[in-house]
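To keep things clear, I will list the structure first and then write my remarks on it.
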Amino acid sequence: MEDKSKILEEETDKILEGVEEIEEVFTKLQENPIVELVASTNFFTLRALECTKLIANCFKALAALPLVTPPICKIRRSQYIEIRDRLNSLKTSFTELQGNLNILIPLVSPQRPLTATEQTVKTSNLSAITLKIPGVFTDVTFMKLECERIKKAR
C-alpha cells in the first residue's frame, strides 16, 4: 500500500499542474478569443474533460485523508473539497459554454455576410464566453493557492 503522504503529494502536484494548464489555455483565449475558439471547435469539451481528471485527483487525495480532519491539521479535507467543488462548477460552465461555441463557430467565417440577427447571435455568444473568463481565472487562482498551501504543509 502506497504511503498516504506520497499519495497526497502526487495528487496535489497533478491538480496544480492541471490547473496551471487550464490557466495557460485561458490566458491565450483571453488574448485572442476568436483564433483560439476557431482552432478547437471542442475547446470547452476538452476543458471539461480536464476538470473531470482533476476531480478524480481530488477524490484520490480525499481517500488518503482521514474522514475527519481536525481544524489544527495542516492539510484538511476542506481544501480538496473546495477545489473539487470549483472544478465541478467549471466543468458545468464549460459544458454550457460549448453550446455557445457550437452556435458561434458557423458565424465566425461565413461564406456570406451575416444578417443582423446572425450578427447579434454571434456577438451574444462571444460575449457569453468572454464574460466567463474572469471567473475562470478567479477559480484557478484559488485552486493554485490552495495547492501551494498544501505543498508547504507537507
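Hydrogens, waters and symmetry mates play no part in the numbers below; they use all other heavy atoms, side chains included.
In this pair, F26 and F44 present their aromatic rings tilted. The plane angle is within the 30 to 60° band.
Q119 places none of its side-chain heavy atoms less than 4.5 Å from the side chain of T115. F43 has its side chain within reach of L101: a pair of non-hydrogen atoms, C-beta onward, lies under 4.5 Å apart. Proximity of R149 to Q79: side-chain heavy atoms (C-beta onward) are separated by under 4.5 Å at one or more points. Residues I83 and C147 meet the side-chain proximity criterion, which asks for heavy atoms closer than 4.5 Å. Within the 4.5 Å cutoff, the side chain of L54 has heavy atoms near those of the N57 side chain. Between Q30 and V25 the shortest side-chain heavy-atom distance does not fall below 4.5 Å.
For D139 and T141, the side-chain atoms include no donor-acceptor pair closer than 3.5 Å. In this model, no donor atom of one side chain and acceptor atom of the other lie less than 3.5 Å apart for N100 and E96. Looking at K91 and T52, their side chains do bring a donor and an acceptor atom within 3.5 Å of each other.
Distance alone, capped at 3.5 Å, is enough to place a donor-acceptor pair between the T138 side chain and the P134 backbone. Although no hydrogens or angles enter the test, the distance criterion places a donor-acceptor pair under 3.5 Å between the side chain of T12 and the main chain of L8. Panel note: side chain E11, backbone K60; no donor-acceptor pair is recorded below 3.5 Å. Of the possible donor and acceptor atoms, none in the side chain of R77 sits under 3.5 Å from a partner among the backbone N and O of V68. For T41 (side chain) and L37 (main-chain N/O), no donor-acceptor pair under 3.5 Å exists by modelled atom type.
Closest approach of K132 to S93, counting heavy atoms only: NZ-OG, 3.9 Å. Between L97 and A128, the shortest heavy-atom distance links the atoms CD2-O, 3.8 Å.
Between E17 and K14 there is no salt bridge, since no side-chain N of the basic residue sits under 4.0 Å from a carboxylate O of the acidic one. Contact check on E50 versus R47 returns a salt bridge, with a Lys/Arg side-chain nitrogen under 4.0 Å from an Asp/Glu carboxylate oxygen.
To the nearest 0.5 Å, the span separating CG on L16 from CD on E21 amounts to 10.0 Å. Rounded to the nearest 0.5 Å, atoms SG (C51) and CG (L46) are 11.0 Å apart. Between D85 atom CG and L90 atom CG the span is 11.0 Å, to the nearest 0.5 Å. Here CZ of F137 is found 9.5 Å from NZ of K144. Values are rounded to the nearest 0.5 Å. Distance check: T123 OG1 to L107 CG gives 9.5 Å after rounding to the nearest 0.5 Å.
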